[in-house]
Amino acid sequence: MNVLVYTGPGAGKGPIEQTIGTLRLHLSDSYDIISVDAATLLKEPWQATTKLLVLPGGRDLPYVEQLSPKVTSLIRDWVANDGGSFLGICAGAYFASRQVDFEPDRPSYKVVGERDLRFFDGSARGSIADGFIYNSEMGSKNCSITLDKPALGLDFDSLQVYVNGGPYFDLESLLPESPQPTVLAEYDPKDVSDKWKADSAQNKRYPAILECAIGRGKAILTGPHIEYQMRPLGSALAAKPGSEAIEWRDAVVSGLLPFEKQRSRLFRELLIRLGLNTNIRPERSDLDTSHDEPPKLTPMFLCFQPSPHVNVEDKIAQIRRPFDAAARSPNEPCVLEDDVNRLVLEDRQQDQYSDTMPVLECEQDDRPHKSVVKLCVCRDLSQIPRRDLLQFNIDRYLGYLKEYQDHWTKKQRWLEGTWKCGSVMLYGDIVESTQTLLDRNYKFSQSLPEGLVCVGSHQTAGRGRGRNSWISQSGCLQFSLALRHNDHKSIIFIQYLFGLAVVQALKSQSGYEV
């Protein structure tokens, strides 16, 4: 099933990155997280294959311009009639309420009006805290919230959360016939702006997170940014110049870091309440969040099929060329700064490879971060530590390949020496994307031998052609193949021929004939 995250006009860059990153940390591998815009939601048949739609933080008015009324009608119908789940965060929560009352006393910030989606049939009012600043984190606050501990099934009842312009949900504004939502969390009144207290009753509630039953489906709306991970945010702000950023970071981020475990547990529990499967058993009651770190990439091993038709040293030299060209001295590590990754080639005549990954800094401060991919040349498969071959048996693969090649060579002698596909292999247990590695790193891709197969047992950011992406579940065989084809007009048909070949191979096995 798919989890859709709206990334069109209105969605903020930071909220998008944090939302997608946190979803990837918590959701099981059975979900594909896909970015969508208004055109996709309007024109594509997404409803039947989608479990959750997320509207992240940003600005509510562009959401109105892009999504109302046609897309909002589709979304509401999908939730109410098809049993879909919706998560609205900050601006997404404003947009999903019947009425928005944002900064009514600040003319240049004021946004007031009715909305179409109406998952909460009342008013979302904010910012809950004073000092909000557009397009900045400098006006954000850390606010305390109290949880409905029995409803959430958590073993803590309060924490501090990151708020940047988010609302509270005014229960008194609900229409008489409207169903009451379930209040999952409330702000501490001491953190609420005085403008929302002026004409309020003494015991007024300030809901921060709501759960709304919508027909067969469900919506959760949250004013706080519970998707924000504080450690990455603090690191990003540390690079910003100026005392203001440092002062803000010390006041807000440092105050939220002690609550990261609770925030993570709360986010996961909300996903479970929306009917999604997480990568951790729901009954876990401890607060250990070591699992919340993204999976660490493992080394990739370059292996060769022993064959008189494969000159291993020639293949190694071919792959080394761009690394050698990039080196400034013979004693430097074999490092290639490519378009997407920083590739480190390790070619050692020893039994096992080093466990340490070189720490290599970009030469220019403004260069984007690049993941380091370690490539280890293996002339002998016994060099590979067994812990790095947990999910794939390279010996068995190469054995089957040789058996197949020998079988067909005996039948058709002209095939001898023509085998290219699969004889050179690049394997890693945990990789980002085999496709990205081979086709987005231009210097490296030009050096690849014809027919090299790249296999990753688990792909953390797997993708196919165009916007297609992989759901990297355990046991799936997902790989990329380096082929060169000179006729650009017919290249698209290779994928169809490949698919037919896979189907025929499966049907040739006993029990799979039909």
Side-chain angles (χ1 to χ4, degrees), residues 14-15 17-28 52 54 56-57 87-90 92-93 128-129 137 140-169 182-192 205-211 220-237 248-294:
E17 293 174 350
Q18 291 278 357
T19 299
I20 293 176
T22 302
L23 287 170
R24 283 179 174 155
L25 283 179
H26 290 291
L27 289 176
S28 79
L52 174 68
V54 185
L87 176 61
I89 305 173
C90 197
I128 188 66
E137 294 95 358
S140 60
K141 300 287 176 20
N142 49 344
C143 296
S144 297
I145 60 172
T146 301
L147 305 175
D148 185 339
K149 185 177 174 181
L152 290 166
L154 298 171
D155 51 8
F156 56 94
D157 55 15
S158 64
L159 70 153
Q160 291 192 23
V161 290
Y162 177 75
V163 176
N164 192 16
Y168 81 95
F169 304 97
T182 301
V183 178
L184 299 178
E186 297 184 37
Y187 295 103
D188 188 323
K190 68 178 177 58
D191 293 325
V192 175
R205 301 171 67 187
Y206 298 95
I209 303 175
L210 294 182
E211 178 180 287
I220 287 181
L221 311 182
T222 171
H225 281 282
I226 57 168
E227 83 283 13
Y228 261 64
Q229 302 172 62
M230 287 298 110
R231 289 183 182 88
L233 180 62
S235 300
L237 287 167
W248 177 87
R249 187 188 74 231
D250 292 343
V252 177
V253 176
S254 60
L256 293 171
L257 282 173
F259 298 94
E260 275 293 87
K261 293 178 180 180
Q262 290 92 332
R263 179 202 60 79
S264 177
R265 288 278 309 285
L266 174 59
F267 189 90
R268 186 183 299 112
E269 184 59 36
L270 296 182
L271 292 177
I272 293 170
R273 293 184 71 86
L274 288 168
L276 286 96
N277 298 320
T278 62
N279 54 13
I280 301 297
R281 294 195 310 271
E283 62 268 21
R284 277 186 69 111
S285 60
D286 62 275
L287 290 178
D288 175 22
T289 57
S290 58
H291 53 269
D292 283 349
E293 295 297 324

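We're numbering straight along the sequence, starting at 1. No experiment lies behind these values; they were computed from the predicted model shown.
- Annotation: the span from Ile220 atom CD1 to Leu271 atom CG amounts to 8.0 Å, rounded to 0.5 Å.
- Relative orientation of the Tyr168 and Tyr206 rings is perpendicular, given thresholds of 30° and 60° on the angle between their planes.
- Two residues are said to be in side-chain contact when any heavy atoms from C-beta on lie closer than 4.5 Å; Leu210 and Val183 meet this criterion.
- Residues meeting the side-chain contact (heavy atoms from CB on, under 4.5 Å) test with Ser144, sequence neighbours left out: Gln160, Asp188, Lys190, Asp191.
- In this structure Asp157 satisfies the side-chain contact (heavy atoms from CB on, under 4.5 Å) test together with Lys149, sequence neighbours excluded.
- Residues Thr22 and Gln229 meet the side-chain proximity criterion, which asks for heavy atoms closer than 4.5 Å.
- Atom SG in Cys90 sits 11.5 Å away from atom CD1 in Ile226 (nearest 0.5 Å).
- At least one side-chain heavy atom of Phe169 sits under 4.5 Å from a side-chain heavy atom of Leu221.
- Residues Pro15 and Gly57 come closest through the heavy atom pair CB-O, 3.5 Å.
- Within the 3.5 Å criterion, the main-chain N or O of Ala151 finds a donor-acceptor partner in the side chain of Arg273.
- In summary, of the residues considered (Ile20, Thr19, Leu274), a side-chain contact (heavy atoms from CB on, under 4.5 Å) with Val54 occurs for Thr19 alone.
- The shortest side-chain heavy-atom distance between Arg265 and Asp155 falls under the 4.5 Å cut-off.
- Between Glu186 and Ile145 the shortest side-chain heavy-atom distance does not fall below 4.5 Å.
- With a 4.5 Å cut-off on side-chain heavy atoms, Ser264 and His26 count as touching.
- A distance of 10.5 Å separates CG of Asn142 from OH of Tyr162, quoted to the nearest 0.5 Å.
- Note that CG of Leu276 is 9.5 Å distant from CG of Leu87, once rounded to the nearest 0.5 Å.
- In terms of heavy atoms, Ala208 sits closest to Pro224 at O-CD, 3.4 Å.
- Taking CG of Asn277 as the reference point, atom CG of Leu27 lies at 9.0 Å (rounded to 0.5 Å).
- Residues Leu184 and Leu152 meet the side-chain proximity criterion, which asks for heavy atoms closer than 4.5 Å.
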Applying side-chain contact (heavy atoms from CB on, under 4.5 Å), run through Leu256 and Leu159 and close with a yes or a no.
-> CA-CA 9 Å; Leu256 293 171; Leu159 70 153; over 6 Å; no
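- Looking at Leu23, Thr222, Leu25 one by one, the single match for side-chain contact (heavy atoms from CB on, under 4.5 Å) with Phe267 turns out to be Leu23.
- Two residues are said to be in side-chain contact when any heavy atoms from C-beta on lie closer than 4.5 Å; Ile89 and Glu227 meet this criterion.
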